[in-house]
Structure formats: structure tokens, C-alpha cells
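Because the structure is predicted, anything quoted here is derived from the model rather than measured.
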Amino acid sequence: MSDNFIKHILMLESLVKSDREAPKTARQIQAEVERRWKEIFPNEPIDKPLSLQTIHRQIKAIKASGLYQIKEHADNKRGCYNARHTLSTAESAVVSAAVYQTASLTVDEKKNILSRLKSVTDTDGTSIIYGFERQIKIEDKPNGRTPPILPKIKTICRAIVEGKKITFSLRKNSAVENRQEVTASPYFVVVKDNELYLTAMIGNVLKDFKITLMRDIEIQAEDFQSEKNFSLKQHLDGACEDAPLIDLKISFPESFIENVVARFGLNRIRHFAPNGNIIGGENQYRVTIRIREDERLYEWLRRHCNKVKVNFPNAVKANLKDQLLKAIAVL
């Protein structure tokens, strides 16, 4: 293959990977082609980079071919992008369901995401998304106090992609004792209990931060490298092999059943039944859960202490009470 042929393939690769949120100018494509060339042929310097005129001419030819739906960005200074990224019906259902159930997103953010999903899915997928949009409209309860979260996630994701550390602070109503500025290596944005969290490394310790409580997020110049063998699943499961197994008995309202199942999984839940009590007009349930007594368990119990009551073991009740009192003392 000739050098020019390879450069044109790299140009097409760069263009196809663009989208409406990340369009590319001819100059950006030119730089990306040179970078990719160096990655593939580290010992063969590129003899003649693609000119901007050549890139513009090739983009015009690609648009005319109809093979890719290339569009100019509304702000033409930002270049063009590939508008054809189609999801299947099943994929659209999974993504739209996740958006609908994520409590951290504002109503407007959910509406905006679902609206954009309709442009990248098939016909049946669009119908599925319309269903979720109707549900959001029915349940819409305006709350001016809920700030948008997507700008924060955008900054975090950019840091993850670039391998840069971030700094941030926590809102004063956070139950974290140390409210000073935090420097972290961001690993993943994850969903737990329908809330969005950042899984990050602080020193040698992995922690999860609720993104709604994070503020003043800034990308730092310092690089980081994530652990190669890091298991996100193991981290989210919160399994600490050294922690003792206990039979945790808790009670909670009927509306909280989904959260309990999402946190512990059906395989750990035993003896699930109503406990015969009605509080605030809502039936109360009790379960016994076989689980390890570790910090991840206490973190969940602290976060939902207004919904969940620990019935047994007594040692867990005492520890949880002590932790909550300490948290209150620093507010």
C-alpha cells in the first residue's frame, strides 16, 4: 500500500470517530493523522503530511458518496462530524432505561439525552424512547434547586480520557469529614442506587464520590495511570475478603424494595416478607442478607439511614449509630 493510501485511511478513521459533541476541523484531522502514523510506524517519519486542501477535498467526496452522513457543525469553525451512529432497538431500550432511572440527572437533562438518542436509533428504538419521554412528562416535578450534572461529568470524562488527575471540593452538607480540596485519579463514572458516582483513587485508596456533591472540578497537569488489573465489578460489589460474614437484618418501606435488590442482589437476600407494620401509610418489609461487614456496607447504611432500619446484629446497629453521630458533629 502507498503512503498516501494509508494517510487517507487514517483520515477516514479520524472523521468516522467524530460526532456532534466532538466535531473535527481539517487541522485537527491533519494532526490526528500524523499522531496515528507515528503510533503505527514509529521508525518511519511521515514524509509529506496531508494538506488541508486535500482533507477538505476528501471530506467533500465522502459526503457525496453517501457512505457516511457527514454534517457541518452549526458553528462552522468547529468543523464537521459523522452523524450516522445507529443503535438497535435493544440498545436504545437499555440506554434510555438507564437514563430514565438515574436520579442524579435533572428532568431537562433526561429529556435532552432521550431526544438526542432518537436521532441515532432505528424506528422501533425511537418508539421505545418516546415511551420513556411520556413517563418523564407525566412524572415531571419542576425543582429549580437541582443543578445540572452533565457539565461535571464532561470534565471528569475528559480527565479520564487524557489520563489527568483532577481536584474538587465537596459541598458542605456532605457527610465526609475532610472537606478540604481533594486531588484524585479518576477511574470511572458509575451508577449506584440510581445515583451517579465517580470511582477515583485517592493516594492508594479507592473511593466513590457522589457527583452531585462535587464542585469546582478542575483538570490538573499531573498524569496518572490506573491499575492494569483493577476490577470495577469487584470494587462495586464491595467484597472485602477479610471482613466477617454476617446475617444482616434490616427493615424498610415498600417503595425502597428496588434499591435493596439493586444493592445486594437477589442471591444474597433471604427471608423477604412484610413485617406487619405500616408507617406513613406505607407497608414495611424485612429481609435477612448474608453479607460481609465492611466499609462499603456502612457507607450504604449511612446514606439510606432515613429509609433503612438495622434490626440485627446489635454490633452493626451500635457502629452505625456511632458513625452517624460523628458525621452530625462535624456539620
Side-chain angles (χ1 to χ4, degrees), residues 96-107 109-110 131-132 134-147 149 171 173-176 190-197 208-213 236-239 243 245-328 331:
S96 53
V99 170
Y100 168 73
Q101 291 176 282
T102 302
S104 297
L105 295 169
T106 66
V107 169
E109 285 177 325
K110 291 182 179 181
F132 283 109
R134 284 196 300 270
Q135 286 300 305
I136 291 175
K137 185 175 181 181
I138 292 171
E139 301 159 11
D140 186 2
K141 296 179 181 179
N143 184 354
R145 295 175 299 174
T146 304
I149 194 173
R171 266 174 35 191
N173 63 348
S174 167
V176 177
V190 299
V191 178
K192 298 190 303 176
D193 306 323
N194 299 332
E195 291 283 347
L196 286 159
Y197 286 80
D208 293 319
F209 297 91
K210 187 182 288 188
I211 297 177
T212 54
L213 298 182
L236 293 177
D237 287 345
L245 280 168
I246 60 172
D247 286 324
L248 176 71
K249 297 182 180 181
I250 58 175
S251 56
F252 47 86
E254 185 174 3
S255 60
F256 202 70
I257 291 175
E258 182 181 345
N259 298 72
V260 174
V261 173
R263 170 60 182 84
F264 299 105
L266 290 172
N267 58 321
R268 291 179 182 165
I269 295 177
R270 307 174 183 176
H271 311 302
F272 177 82
N275 65 10
N277 296 327
I278 299 177
I279 300 177
E282 191 170 6
N283 291 325
Q284 304 295 301
Y285 281 73
R286 65 173 183 270
V287 297
T288 300
I289 304 166
R290 188 68 169 170
I291 193 170
R292 293 191 182 276
E293 182 186 355
D294 56 19
E295 174 55 27
R296 293 301 301 270
L297 171 62
Y298 281 107
E299 178 189 356
W300 187 84
L301 292 173
R302 289 194 302 268
R303 193 162 66 246
H304 299 295
C305 60
N306 61 328
K307 294 282 188 181
V308 177
K309 177 183 177 182
V310 177
N311 301 318
F312 183 84
N314 290 330
V316 174
K317 292 173 62 176
N319 287 339
L320 179 62
K321 180 180 178 181
D322 183 58
Q323 291 176 18
L324 291 173
L325 289 174
K326 288 180 179 179
I328 292 172
L331 293 178

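The structure places CZ of Arg270 at 8.5 Å from OG1 of Thr288, a figure rounded to the nearest 0.5 Å. For the atom pair CD1 (Ile250) and CZ (Arg286), the distance works out to 12.5 Å, reported to the nearest 0.5 Å.
The environment of NZ in Lys249 is sparse: at most 12 heavy-atom neighbours from other residues, nucleotides or ligands sit within 6.0 Å. Glu258 CD: 12 or fewer foreign heavy atoms inside a 6.0 Å radius.
Taking each heavy atom of Asn275 and Asn277 in turn, the nearest pair found is OD1-N, 2.9 Å. Closest heavy-atom contact between Tyr100 and Lys110: O-NZ, 2.9 Å. Glu282 approaches Glu254 most closely through the heavy-atom pair OE2-N, 3.5 Å. The heavy-atom pair separating Lys192 from Tyr197 by the smallest distance is O-CE1, 3.6 Å. Heavy-atom minimum distance, Arg290 versus Asp247: CD-OD1, 3.0 Å.
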side-chain contact (heavy atoms from CB on, under 4.5 Å) between Leu301 and Val316: does it pass, once the steps are laid out?
CA-CA 10 Å; Leu301 292 173; Val316 174; 4.2 Å; yes
If you apply the rule side-chain contact (heavy atoms from CB on, under 4.5 Å), what do you find for Ile291 with Phe264, and how did you get there?
CA-CA 8 Å; Ile291 193 170; Phe264 299 105; 3.3 Å; yes
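In this structure, Arg263 and Arg303 have side chains that are not in contact, with every pair of non-hydrogen atoms separated by 4.5 Å or more. Taking the side chain as every heavy atom from C-beta outward, Leu196 and Val191 approach each other to under 4.5 Å. The shortest side-chain heavy-atom distance between Pro253 and Asn283 does not fall under the 4.5 Å cut-off. Side chains of Thr106 and Ile149 form no contact here, defined as non-hydrogen atoms less than 4.5 Å apart. A 4.5 Å side-chain heavy-atom check between Trp300 and Val308 finds at least one atom pair inside the cut-off. Here the side chains of Ile257 and Phe252 are in contact, with some heavy-atom distance below 4.5 Å.
For residues 304-323, the set of pairs meeting the salt bridge (charged side-chain N to carboxylate O under 4.0 Å, His left out) definition, not counting sequence neighbours, comprises Asp322-Lys326. Residue pairs meeting the ring-ring contact (aromatic ring centres under 6.0 Å, His included) criterion with at least one partner in residues 272-294, sequence neighbours excluded, are Phe272-Tyr285.
Checking side-chain atoms of Gln323 against main-chain N and O of Tyr298 turns up no donor-acceptor pair under 3.5 Å.
Checked options Glu109, Glu195, Lys210; the residue passing with Ser104 is Glu195 (criterion: side chain to side chain donor-acceptor pair (under 3.5 Å)).
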